[in-house]
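Can you keep this structure in mind? I'll have questions shortly.
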Amino acid sequence: MNIHQQITSGIQKALDALYQIQVADSQIQLTKTKKEFEGHLTLVIFPFLKASKKGPEQTGDEIGKYLMENMPEIAGYNTIKGFLNLQIASNIWISLLNDIQSDKEYGTTKIENNAPLVMIEYSSPNTNKPLHLGHVRNNLLGYSLAEIKKATGNNVVKTNIVNDRGIHICKSMLAWEKWGEGITPENSGKKGDHLVGDFYVLFDKHYKSELAELQQKSMSKEEAEANSSLMAEAREMLRKWEAGDMKVVALWEMMNTWVYAGFDETYKQMGVNFDKIYYESQTYIDGKEQVQEGLQKGIFYEKEDKSVWADLTGEGLDHKLLLRGDGTSVYMTQDIGTARQRFNDYPINQMIYVVGNEQNYHFQVLSILLDKLGFDWGKDLVHFSYGMVELPEGKMKSREGTVVDADDLMAEMIQTAEETSRELGKLDDCSPEEAKKIVETIGLGALKYFILKVDPRKNMVFNPKESIDFNGNTGPFIQYTHARICSVLRKADEQKINIPEKISQTIPISEKEQNLVQLLSEFPQVVKDASNECSPALIANYIYDLVKEYNQFYHDFSILKETDNDKKLFRLMLSQNIAKAIRTGMGLLGIEVPERM
RNA sequence: GGUCCGGUAGCUCAGCUGGAUAGAGCAACAGCCUUCUAAGCUGUGGGUCUUGAGUUCGAAUCUCAACCGGAUCACCA
């Protein structure tokens with residue numbers, strides 16, 4: 001039972017005794033006291049004026065007096081306007097800190113044997129181009145959400161659905177055959193995903209000039225598109241692929257292997273991973289079967305051209321295509337098939353799709369379709385919908401070459417971290433290996449924190465030119481504070497100071513120290529909120545508050561020079577636990593925190 | 001046009017189950033390295049919380065309307 005709950009129940013008793021009213025927990029507005037006022041927790045007393053039949057000040061004083069007399073936790077109170085500020089006794093904070101100190105799983109919940117299983121799908125790349133900034137946000141959010149779900153007591157399966165089939169893949173394959181036969185990642189020195197992406201671009205280039213040529217021969221744009229020989233070849237390739245043509249499939253497999261090797265490298269650098277990977281080439285057939293079954297059951301209907309549709313007008317939506325007239329599948333078909341396979345493979349309690357908000361409609365439809373098909377989890381699927389990452393000049397557009405590549409971005413961040421560190425002389429005492437590790441941790445920490453601190457639902461702006469600050473509300477600032485705390489603890493250790501398991505409850509502690517303990521005591525709740533609201537940003541902003549507060553504290557005191565031994569121990573223990581909160585919190589964001597930097 | 005999401009300082013963002021004088025960082029300016037790491041700290045300036053109504057003791061927060069921006073409504077994925 002935390003301090004908040006204790007006080008709440010005390011207030012309930014007070015209201016009952018004073019005014020004979022019973023009030024539910026939710027009716028009691030107990031918030032953190034604002035900095036300008038004295039106290040820790042503030043009760044809004046306006047709601048009780050009717051019952052007390054007295055003015056705000058008087059009512060507040062009455063409640064405060066009662067609490068003071070009946071609760072040892074309350075050390076003082078004051079009423080300002082309609083707000084009763086309560087002061088919590090010093091020893092309560094110390095005992096809270098003692099609890100945190102001994103809590104081996106501070107901020108996390110143990111995963112029980114019968115814990116629910118949450119499957120989280122994220123990343124979901126296409127195999128025809130490398131990962132870009134949008135994927136970075138997706139990957140970071142997905143990975144972090146998985147960590148947060150684990151920390152709140154869920155079993156988690158991280159999954160990735162690779163979009164490895166369709167006309168777009170054939171474009172890259174065709175371009176390679178025509179203009180790149182023999183080129184491989186090995187002999188070109190290029191990462192496989194980039195190489196394949198280049199051929200995709202090359203196809204587009206040739207396709208465009210073919211269209212221009214045709215249009216010069218007085219064709220309309222539409223006619224030109226219909227008469228393009230390149231596009232016809234690509235479509236023919238797709239047909240052959242679906243028919244299992246050995247040569248096409250072999251080419252497809254070779255190029256996919258290149259791409260996957262490239263992706264693996266990117267994922268590894270980013271620090272994300274998956275427990276199970278699905279491929280659309282292996283799930284779309286399952287989807288077709290599901291749709292056929294639905295058709296037989298009368299859930300869907302067939303048009304004259306044999307295409308299959310779902311009528312969703314009853315749900316306030318449109319008609320939705322599920323199978324083309326030629327029997328080939330569309331996006332939705334594949335997602336149905338993938339969902340079926342997943343639920344066959346795992347006893348999933350909750351399915352979370354981390355997919356951009358441009359697909360809100362798609363998931364609304366998917367949920368309804370799965371429900372109609374009789375999957376009882378369909379209705380409850382969660383679409384973790386996040387906003388786009390925009391550049392200062394607007395959206396990223398591959399045609400205009402304004403796409404920010406994930407590999408380039410990470411490399412640049414690490415390089416900037418290196419330059420900054422060198423300038424500050426931080427790497428002087430490090431071996432090259434140590435320096436490389438530290439610089440990577442900082443560069444990636446800056447990138448990850450920058451992206452995760454923003455509310456996922458919102459579109460966000462990323463300015464590559466200004467890159468990312470290392471000052472202020474940033475990953476490096478938090479990492480730096482952690483490194484400094486570690487340094488204090490190392491020095492304390494050198495001086496043979498042992499931090500005890502428990503601190504005496506009689507030490508007088510300052511207001512700032514009380515604030516810090518209060519913040520620490522709120523951490524577990526923050527993690528739970530982040531889990532419920534699917535928002536790593538809550539944790540990021542909480543950690544920043546904590547670190548900012550600690551830095552201010554740090555400049556007021558020199559811990560190791562404190563002459564009062566008990567106080568010194570208290571401050572060391574406080575610092576130690578703040579470092580623990582930083583490590584845990586940043587860990588949930590997938591951000592490493594170094595011990596020195 | 002239908003549906004969904006957003007609009008808070010010059011910029012990037014917090015705050016949103018209604019509560020006190022709306023907060024950080026960046027940028028600008030002024031200070032602080034005999035102090036456990038200055039990637040830090042302190043101070044100054046900067047706001048019609050898009051607008052208008054409503055709900056009430058009280059609205060950035062809830063409701064409605066308008067305006068602006070984005071997404072989506074494909075036999076693309």
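The figures that follow rest on heavy atoms only: side chains count, while hydrogens, waters and symmetry mates do not.
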Original post:
Using a cut-off of less than 4.0 Å, is there contact between a side-chain N or O of A:Y361 and OP1 or OP2 of B:U72?
Top reply: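 No, no such contact exists.
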**OP:** Go ahead and name the base partner of B:C13; Watson-Crick or wobble counts if both distances stay under 3.5 Å, otherwise write none.
**Re:**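 Across all strands, the one nucleotide that pairs with B:C13 is B:G23.
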Original post:
What is the distance, rounded to the nearest whole Å, between atom CH2 of A:W309 and atom P of B:A74?
Top reply: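 Taking CH2 of A:W309 and P of B:A74, I get 8 Å after rounding.
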Original post:
Between A:D164 and A:S281, does a side chain to side chain donor-acceptor pair (under 3.5 Å) hold up when you go through it step by step?
Top reply: CA-CA 6 Å; A:D164 60 345; A:S281 56; 2.6 Å; yes
Original post:
Across all strands, who's sitting opposite B:U63 as a Watson-Crick or G-U wobble pair, both distances under 3.5 Å?
Top reply: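 B:U63 is paired, partner B:A53.
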Original post:
Does B:A30 have a Watson-Crick or wobble mate here (both distances under 3.5 Å), and if so which one?
Top reply: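 Across all strands, the one nucleotide that pairs with B:A30 is B:U42.
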Subject >> Aromatic ring pairing A:Y550/A:F553, orientation class (parallel under 30°, perpendicular over 60°, tilted between) >> reply: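 Ring orientation of A:Y550 relative to A:F553: tilted.
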**OP:** Nearest whole angstrom, please: distance from the P of B:C76 to the CD1 of A:I169.
**Re:**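 It works out to 15 Å between those atoms.
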Original post:
Reckon A:Y331 touches a base, only the sugar-phosphate, or nothing at all at heavy-atom distances under 4.0 Å?
Top reply: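 Touches a base.
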Original post:
Between atom CD1 in A:I478 and atom P in B:A24, what is the gap in whole Å?
Top reply: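 The answer, rounded to whole Å, is 17 Å.
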Subject >> Any strand: nucleotide that pairs with B:A71 via Watson-Crick or wobble, under 3.5 Å >> reply: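 Base-paired to B:U3.
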**OP:** Answer with base, sugar-phosphate or nothing: what part of the nucleic acid does A:D455 contact at a heavy-atom distance below 4.0 Å?
**Re:**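 Here A:D455 touches the backbone only, sparing every base.
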**OP:** Taking only the side-chain nitrogens and oxygens of A:Q552, find out if one of them lies under 4.0 Å from OP1 or OP2 of B:U42.
**Re:**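 Indeed, a polar side-chain atom of A:Q552 lies that close.
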Subject >> Pairwise side-chain contact, A:M413 with A:L444, heavy-atom cut-off 4.5 Å (strictly under) >> reply: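 Counting from C-beta outward, A:M413 and A:L444 never come under 4.5 Å.
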Original post:
What does A:I442 touch in the nucleic acid at a heavy-atom separation under 4.0 angstrom: a base, only the sugar-phosphate, or nothing?
Top reply: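 The residue A:I442 makes base contact.
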